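First up is the structure itself, then whatever we jot down about it.
Just so we're clear, the structure is a prediction, and the values are computed from it rather than from any experiment.
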Amino acid sequence: MRIAALLSLPLLVLAACSPSPEAPEPPPIDVSPATLAGVDLGRPIRALGNEPFWAVEITPQALVYSGVDRPEQRADNPGPLLQGTTARYEATTDTGTPLTVALIATTCSDGMSDRTYPLTAVVKVDGETLTGCAASVSALATAGESGLVIDKG
């Protein structure tokens, strides 16, 4: 009886090492858009500032930097790198210029209106650091001249 048990031991070890035919599938990966301060980062966002006047349009496809007396520069949108309360976009424009846009979940005033934006923006382009505010394009389209710039839906 002991010999039979010893002889079956290698079979038991091999059976324990083989994968189970009914192994559970891994859970699906969450691919829902990220949000920052209530702003859906998967939808168009506009960062803007003044002195000098500038803007960055962030769409799912592109980052488009523009400003007064500045040539427009475009870059493919690499998607945001999220870390805590900051979303960072790092790209190279079609002119070969590094472009970094950081959106920070802190309220912001543009200094020229009575609007309060949900995000602070810091843009680095062509050796210059620009600061301003940001919100979704849809919130900006429906915002009044004062108050919080948020999506109403």
How long is the straight-line distance from [atom2] of [Y] back to [atom1] of [X], given to the nearest 0.5 Å?
X	Y	atom1	atom2	answer
E51	L130	CD	CG	12.0 Å
R88	I104	CZ	CD1	8.0 Å
D126	T97	CG	OG1	5.0 Å
E90	L81	CD	CG	6.0 Å

Original post:
Apart from L48 itself, what residues make up its hydrophobic cluster when side-chain heavy atoms of I, L, V, M, F, W and Y under 4.5 Å apart count as a link, directly or indirectly?
Top reply: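 So far as hydrophobic clustering goes, L48 is joined with Y117, L140, V149.
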Original post:
Rest of the hydrophobic cluster containing V68 (Ile/Leu/Val/Met/Phe/Trp/Tyr, side-chain heavy atoms under 4.5 Å)?
Top reply: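 F53, M112, listed by chain and number.
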Residue pair [X] / [Y], side-chain heavy-atom distance below 4.5 Å:
X	Y	result
E57	I45	no
L63	P78	yes
L36	L103	yes
Y89	T100	no
T129	V122	yes

Original post:
So if you build clusters from Ile, Leu, Val, Met, Phe, Trp, Tyr with side-chain heavy-atom gaps below 4.5 Å, do L82 and L119 land together?
Top reply: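 Yes, same cluster.
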Sequence neighbours left out, what passes side chain to side chain donor-acceptor pair (under 3.5 Å) with [X]? Give chain and number order.
X	result
T93	Q73, T95
R115	none
R70	Y65, E128

Subject >> Side chains of D40 and T35, donor plus acceptor under 3.5 Å >> reply: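 Note: D40 and T35 side chains miss the donor-acceptor criterion.
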**OP:** Using the side-chain contact (heavy atoms from CB on, under 4.5 Å) rule, take T106 and T85 through it: C-alpha gap first, then chi angles, then the decisive distance, then the call.
**Re:** CA-CA 8 Å; T106 57; T85 59; over 6 Å; no
Original post:
Okay, side chain of N50, backbone of D110: is any donor-acceptor separation there less than 3.5 Å?
Top reply: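 Checked: pair present.
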Subject >> Stepwise side-chain hydrogen bond (donor to acceptor under 3.5 Å, both in side chains) test for T116 and S109 >> reply: CA-CA 5 Å; T116 302; S109 170; over 6 Å; no
Original post:
When you look at L99 and T92, which way does the side-chain contact (heavy atoms from CB on, under 4.5 Å) test go after all the steps?
Top reply: CA-CA 6 Å; L99 173 65; T92 301; over 6 Å; no
Subject >> Heavy-atom neighbours of D94 CG exceed 12 at 6.0 Å >> reply: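 Yes, CG of D94 has more than 12 neighbouring heavy atoms, counting only those of other groups under 6.0 Å.
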**OP:** May I have the step-by-step check of side-chain hydrogen bond (donor to acceptor under 3.5 Å, both in side chains) for S136 and D151, ending in yes or no?
**Re:** CA-CA 7 Å; S136 70; D151 281 307; 2.9 Å; yes
Original post:
Which pairs count as disulfide bond (SG atoms under 2.5 Å apart) when at least one residue sits in residues 42-122, sequence neighbours excluded?
Top reply: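 Residue pairs with at least one partner in residues 42-122: C108-C133.
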